[in-house]
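Have a look at the structure below before the remarks.
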Amino acid sequence: MYGISKREYQDNLERLPYFNKNTAGILLEKKEINLDRKIERLTKAGYFLRLKNGLYTTKPYLLTVTDKEKYSEFLVSVICFPAYLSLEYMLAREGLLPEAIQVYTGITTKSTREFENFLGRFSYKNITDKLFCGFTDGKASKAKALFD
């Protein structure tokens, strides 16, 4: 249907919440420039959805996701690893900020960065390694979010 030679490979792709270029190369049985072209064609056709450069999901997988917000929260630590949800997003989620927050804010040990995709905007703030703690399941507590 989408030009993927083996149905089992297409099924495997559609079960993954995300995958990188290497995984796509294995399942599409393509390498180098052929892989780049195939990814470009599948993205243009709307089958692959780009989360960020080199990181994708499929449209069929996304259609199976019932709670897009939870999926986006999960992706915070995938798009930029290591990271956890914190700051304005967690404070609003916990009811400590009255206005709605439209940005998924994360804390990372990497440099400050932002990504935008079809799910929304993902903003990451830098913190030192020794303060990168105090979170559970990829989410900061109220106290940690205030501290960050």
Side-chain angles (χ1 to χ4, degrees), residues 1-94 99-141 144-145 148:
M1 180 172 177
Y2 289 101
I4 298 174
S5 58
K6 295 185 180 174
R7 179 67 192 175
E8 69 183 87
Y9 292 165
Q10 183 173 338
D11 291 343
N12 288 339
L13 279 171
E14 292 174 4
R15 280 193 285 269
L16 297 173
Y18 65 91
F19 55 90
N20 61 22
K21 187 176 170 181
N22 292 335
T23 303
I26 292 167
L27 293 175
L28 296 172
E29 296 180 326
K30 303 281 183 191
K31 292 181 183 177
E32 300 166 3
I33 191 118
N34 291 328
L35 175 60
D36 293 338
R37 288 182 182 153
K38 186 68 164 185
I39 288 173
E40 186 179 323
R41 278 196 299 273
L42 291 171
T43 302
K44 195 171 188 177
Y47 180 68
F48 281 4
L49 303 172
R50 183 173 283 124
L51 299 169
K52 74 170 192 173
N53 285 340
L55 193 65
Y56 306 89
T57 190
T58 60
K59 186 175 184 178
Y61 178 83
L62 192 63
L63 292 174
T64 66
V65 174
T66 55
D67 191 341
K68 302 282 190 280
E69 188 165 342
K70 281 189 179 182
Y71 179 61
S72 297
E73 289 176 357
F74 161 73
L75 288 175
V76 166
S77 62
V78 172
I79 291 174
C80 180
F81 183 82
Y84 62 91
L85 274 168
S86 188
L87 300 170
E88 298 92 354
Y89 183 82
M90 286 306 294
L91 294 173
R93 189 170 182 254
E94 295 293 331
E99 66 270 1
I101 303 297
Q102 302 300 320
V103 179
Y104 296 95
T105 51
I107 298 293
T108 184
T109 56
K110 295 182 178 180
S111 62
T112 298
R113 55 188 74 195
E114 282 199 17
F115 300 96
E116 193 162 345
N117 61 32
F118 59 94
L119 291 168
R121 208 165 94 220
F122 296 79
S123 177
Y124 297 88
K125 307 295 183 209
N126 174 270
I127 197 168
T128 63
D129 288 343
K130 64 183 177 182
L131 295 176
F132 192 78
C133 59
F135 59 93
T136 308
D137 296 328
K139 297 175 184 143
S141 65
K144 177 64 174 163
D148 288 341

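Scope of the values below: all heavy atoms of this structure, side chains included, with no hydrogens, waters or symmetry mates.
When the salt bridge (charged side-chain N to carboxylate O under 4.0 Å, His left out) test is applied to Lys21, the partners found at least two apart in sequence or on another chain are Asp36. Remark: Tyr104 pairs with Tyr89, Phe122 by the ring pair (Phe, Tyr, Trp, His ring centres under 6.0 Å) rule, at least two apart or across chains. A search for side-chain hydrogen bond (donor to acceptor under 3.5 Å, both in side chains) contacts involving Arg41 returns nothing, not counting sequence neighbours.
Atom OG1 of Thr105 and atom CG of Leu85 lie 6.5 Å apart (nearest 0.5 Å). Distance NZ/Lys31 to CD1/Ile26: 10.0 Å, rounded to 0.5 Å. Remark: Leu51 CG to Tyr56 OH distance equals 9.5 Å, nearest 0.5 Å. To the nearest 0.5 Å, atoms NZ (Lys44) and CZ (Arg37) are separated by 13.5 Å. Atom-to-atom distance recorded for Arg93:CZ and Lys139:NZ is 4.5 Å, nearest 0.5 angstrom. Note that the OG1 atom of Thr112 and the CD1 atom of Ile107 stand 8.5 Å from one another [nearest 0.5 Å].
Between Tyr47 and Pro60 there is a side-chain heavy-atom pair separated by less than 4.5 Å. Between Thr57 and Val65 the shortest side-chain heavy-atom distance does not fall below 4.5 Å.
If you look at Tyr71 and Tyr61, their ring centroids are closer than 6.0 Å. For Tyr84 and Phe132, the ring centers are positioned less than 6.0 Å apart.
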Q: Quick one: do Asp148 and Lys125 satisfy side chain to side chain contact (heavy atoms under 4.5 Å, CB included)? Show the steps, please.
A: CA-CA 9 Å; Asp148 288 341; Lys125 307 295 183 209; over 6 Å; no
Q) Checking side chain to side chain contact (heavy atoms under 4.5 Å, CB included) for the pair Glu88/Val103: CA distance, chi angles, key distance, verdict? A) CA-CA 8 Å; Glu88 298 92 354; Val103 179; over 6 Å; no
Q. How far apart are the C-alpha atoms of Phe118 and Leu62, what are their side-chain angles, what is the distance that settles it, and do they pass the side chain to side chain contact (heavy atoms under 4.5 Å, CB included) test?
A. CA-CA 11 Å; Phe118 59 94; Leu62 192 63; 3.4 Å; yes
(Q) Set out, in order, the CA-CA distance, both residues' side-chain angles and the distance that settles side chain to side chain contact (heavy atoms under 4.5 Å, CB included) for Val76 and Tyr124, then state yes or no. (A) CA-CA 9 Å; Val76 166; Tyr124 297 88; 3.9 Å; yes
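The number of heavy-atom neighbours closer than 6.0 Å to CG of Asp67, taken from other residues, nucleotides and ligands shown, is above 12. Environment of CD in Glu114: crowded, with over 12 heavy atoms of neighbouring residues, nucleotides or ligands closer than 6.0 Å. Environment of CD in Glu99: crowded, with over 12 heavy atoms of neighbouring residues, nucleotides or ligands closer than 6.0 Å.
Here Arg15 does not pair with Asp11 in a salt bridge; the nearest charged N to carboxylate O distance is not below 4.0 Å.
When all heavy atoms of Ala24 and Leu35 are compared, the closest pair comes out as C-CD1, 4.1 Å. When all heavy atoms of Leu91 and Ala145 are compared, the pair lying nearest together is CD2-CB, 3.8 Å. Closest approach of Lys144 to Ser86, counting heavy atoms only: O-OG, 4.2 Å.
Using a distance-only test at 3.5 Å, with no hydrogens or angles considered, no donor-acceptor pair links the side chain of Thr58 to the main chain of Phe48.
There is no side-chain donor-acceptor pair under 3.5 Å between Ser123 and Arg121.
Each of Leu28, Leu55, Leu16 was scored for a side chain to side chain contact (heavy atoms under 4.5 Å, CB included) with Thr23, with one residue passing: Leu16.
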